[in-house]
Structures are given as structure tokens and as C-alpha cells.
2 protein chains.
Amino acid sequence: MSIETDIKQKKFRSPYQRLGLNLVYTSNWIQYQQMDIFREYDITSQQFNVLRILRGQHPSPIKVSDIAERMLDKNSNTSRLIDKLLVKKLVDRKSCPNDRRAVDVIITETGLELLKHLDPEIEAWEKNLARITPEEADLISSLLDKLRNS
Amino acid sequence: MSIETDIKQKKFRSPYQRLGLNLVYTSNWIQYQQMDIFREYDITSQQFNVLRILRGQHPSPIKVSDIAERMLDKNSNTSRLIDKLLVKKLVDRKSCPNDRRAVDVIITETGLELLKHLDPEIEAWEKNLARITPEEADLISSLLDKLRNS
DNA sequence: CCTCGATAATTGAAACATAAAATATTTAAT
DNA sequence: ATTAAATATTTTATGTTTCAATTATCGAGG
């Protein structure tokens with residue numbers, strides 16, 4: 001369905017307005033679907049995002065501020081996300097030795113284990129995106145990069 | 001900057017993974033910028049979304065469920081959004097005569113007035129998107145439609 | 001015209017997000 | 001060595017979202 005049909009708006013002011021609405025709509029569409037997968041594992045998309053970042057660094061620790069910088073949603077309260085993950089024993093946290101203001105976070109074996117189960121489910125879900133070709137996906141990606149280029 | 005640089009992830013599993021992350025990231029990027037505009041008028045993006053839908057119908061009223069269906073964020077609690085708009089006298093609400101379960105909502109003159117001031121600001125902001133051509137914007141839009149095509 | 005399932009909207013409680021203030025530490029400048 | 005500004009994180013207060021439960025009404029089938 002076209003964005004026109006989906007949000008029942010017949011006319012747009014410009015291609016840019018249509019694109020903006022389409023991007024937000026499509027991003028929500030993706031996130032709701034993924035949320036259903038995350039829910040089975042009792043985590044949120046934001047928590048998954050943190051775990052993915054931590055795995056990328058493993059076995060090195062990473063500071064809270066560096067996590068915040070890499071998040072898809074820059075406004076997330078990273079401190080509290082980590083609190084939640086700590087309670088579930090998916091991450092460890094300790095004061096950074098070089099800079100005692102900072103806090104080092106590292107993913108636990110339990111956290112890595114959880115991701116190992118989640119990965120194939122996310123990968124399987126991604127097949128839903130194959131309505132466009134890999135080339136088209138790369139084309140959109142590069143146009144989005146150009147769009148944001150500040 | 002490429003999404004690789006923005007979220008500091010060097011490798012992606014597939015063009016589809018990169019696209020997914022890029023879409024969510026870019027949608028957040030857009031929404032944070034627009035939020036700065038909405039804030040001056042003391043409304044949120046969700047409230048703006050409702051007002052835009054109501055203006056599209058004006059002077060006809062529209063049911064709460066129809067608003068919900070057209071929202072970009074389907075999970076929004078439309079009832080409570082309308083509560084907020086009602087307090088600010090931007091909308092009116094009354095029981096629907098044909099179906100007494102339903103509630104008809106309509107935008108007020110004050111609401112239309114607010115949009116009239118906001119419009120040029122949003123339009124001006126949209127010029128930021130002109131780093132891509134109108135043709136490229138339409139191309140992304142149609143590929144996103146194809147991507148979601150369920 | 002009565003019952004039952006479906007639909008429309010609202011609410012309550014818990015979880016979560018946001019913005020601003022607070023705390024602790026580092027860095028840089030005198 | 002002392003102060004001031006900057007940085008890293010946490011907390012507080014407030015507002016928003018979410019999920020499930022609730023209330024009210026409609027419409028179809030007996």
C-alpha cells in the first residue's frame with residue numbers, strides 16, 4: 001500500500017513532505033514488528049540496541065556516553081536502560097579506572113547468550129524486507145545518508 | 001555522514017539490516033528536528049499529527065477510531081491526545097449522533113490558527129531535505145511503499 | 001425483542017521517557 | 001595550588017505511553 005492509502009492523505013505539499021511522513025511511518029512499521037520479537041525475550045528495542053552495541057565491543061568495556069552516542073534513539077536515557085539490563089544480569093557495570101566520572105559497561109555471558117537466540121529470529125524477520133532487492137536497499141541507504149548529510 | 005559513521009558500526013549483516021537501522025535512525029533524526037519547532041507552540045509531534053488529520057477533514061468531524069487509523073504512530077493513545085488538545089481548546093469533542101459509542105472530534109478556529117502559524121515553519125524546515133532532489137525523494141517514497149507492501 | 005459477540009472509547013496502574021538540576025571528577029588556566 | 005569550566009553520569013519531577021480491564025452501544029441471529 002502506498003503511504004497515501006496507509007495514512008489516508010490524498011495530497012502532499014511536496015515530495016519532501018511525503019518522504020518525511022513515509023520515513024516516520026515506515027520506521028514505526030519496522031519497530032512494531034521487531035517489538036513482537038523482543039517481547040518474547042522480555043527486552044525492549046532500546047535495550048536490544050544497547051546489547052548490540054556492547055556485543056560489538058566485547059570483550060572490551062564501553063562507557064555510558066559512548067553507548068549513548070551510538071544509539072539509534074539519541075535521547076534514550078542510557079543510564080536507566082543499563083539499570084534494567086543490570087537487573088536481568090545481561091550486563092555488568094563498574095567505575096572506569098582511567099576516569100572515575102565514567103562508568104564502564106560490558107555484556108555478560110547471559111547477555112551474549114540471549115543475543116545468540118535472538119539473532120536468527122531477527123534475521124528471519126529481515127526476510128520480510130526482501131520485497132525490494134538488495135540493490136534497492138543499498139540505494140535507499142545511500143540516499144538517506146545523503147539526506148542527513150549535515 | 002554515512003550510517004556507518006553515525007552509529008559507529010563498521011559492518012552490517014546485509015543491505016537489509018543496514019537499511020532497517022538507517023530508516024529508524026533517519027526517522028528519529030527528522031522527528032527530533034521537528035520537535036524543536038513544535039515545542040515553541042507547546043504541542044508534541046503526536047498532537048500535531050492529530051491536528052493535521054483534523055484539518056484534513058475540516059469542517060467535517062471525524063471519529064476517534066478514524067484518527068487512530070491515520071496516525072503515523074498507530075500505538076498512540078488517541079483518547080488522551082485529544083484530552084490534551086481539548087484542554088488547550090484546539091479541538092472540540094461531542095458524541096456522534098449516528099453511533100453513540102463513537103465520539104466526533106473537530107478542530108477549532110484556535111487549532112486552525114495554530115496550524116496556520118506552524119505551517120510556514122515546517123515548510124521552511126523541509127528545505128533541509130533538499131540535499132536530495134525531488135525525484136530522489138519520490139524514488140525513496142515509492143521504494144518504501146514497495147518495502148511495506150504487505 | 002433478547003442475547004451475544006463485536007466495536008468505540010475511556011480509564012487505572014505500571015513502565016517509560018524527558019528535561020533540568022545535582023553530584024562527582026577531570027582538565028585547563030591562572 | 002586554586003579556581004573555573006567542562007565532562008560523565010545519575011537523579012528528580014513531570015509528562016507520556018502501554019497494556020489490560022471497563023463501560024457503553026451496536027448489529028446480527030435466534
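Naming: A, B, ... by sequence-line order, numbering from 1 per chain.
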message = Check whether A/Y16 reaches the backbone of B/N128 with its side chain - one donor and one acceptor, N or O, closer than 3.5 Å.
response = no
task = Kindly say if B/K63 contacts the phosphate of C/dT7, meaning a side-chain N or O under 4.0 Å from OP1 or OP2.
result = no
Rounded interatomic separation in angstrom, taking CG from B/D83 and P from C/dG12 = 12 Å
message = Is there a side-chain contact between B/R39 and the phosphate of C/dA19, meaning an N or O under 4.0 Å from OP1 or OP2?
response = yes
task = Using the salt bridge (Lys or Arg N to Asp or Glu O under 4.0 Å) rule, take B/R55 and B/D119 through it: C-alpha gap first, then chi angles, then the decisive distance, then the call.
result = CA-CA 12 Å; B/R55 175 170 59 182; B/D119 276 341; 2.7 Å; yes
message = What is the separation between atom CZ on A/R100 and atom C1' on C/dT23, rounded to the nearest whole Å?
response = 14 Å
remark   = Whole-Å distance, B/K84 NZ to D/dT14 P, equals 15 Å
message = What contact category does B/S65 fall into here, base, sugar-phosphate, or nothing, at under 4.0 angstrom with non-hydrogen atoms?
response = sugar-phosphate
request  = Kindly point out which of D/dT10, D/dT16, C/dT10 is positioned nearest to the side chain of A/S79?
outcome  = D/dT10
request  = Give a yes or no answer on whether the side chain of B/T26 reaches the backbone of B/N22 with a donor-acceptor pair at less than 3.5 Å.
outcome  = yes
ask   = Does atom NZ of A/K89 have more than 12 heavy-atom neighbours, drawn from other residues, nucleotides or ligands, at distances under 6.0 Å?
value = no
key: Protein-nucleotide distance (A/R93, atom CZ; D/dA8, atom C1'), rounded to Å   = 13 Å
query = To the nearest Å, how far apart are A/M35 CE and C/dA15 P?
reply = 17 Å
key: Protein-nucleotide distance (B/N28, atom CG; C/dA17, atom P), rounded to Å   = 12 Å
message = Looking only at the side chain of A/V64 (C-beta and beyond, no hydrogens), which of the listed nucleotides C/dA9, D/dC19, D/dT10 gets closest?
response = D/dT10
ask   = Whole Å only: how far is the CG atom of A/N98 from the C1' atom of D/dT7?
value = 15 Å
ask   = Contact class for B/N77 (heavy atom, under 4.0 Å): base, sugar-phosphate, or nothing?
value = base
ask   = At under 4.0 Å, does any side-chain N or O of B/R80 touch on OP1 or OP2 of C/dG12?
value = no
message = Hydrophobic clusters here meaning ILVMFWY residues chained together by side-chain heavy-atom distances under 4.5 Å, can you tell me if B/L112 and B/I106 are in one?
response = no
inquiry  = Whole angstroms only, please: what is the CZ-P distance between A/R101 and D/dT10?
reply    = 13 Å
message = Can you identify which nucleotide, out of D/dA8, C/dA9, D/dT16, has its nearest atom closest to the B/Q47 side chain?
response = D/dT16
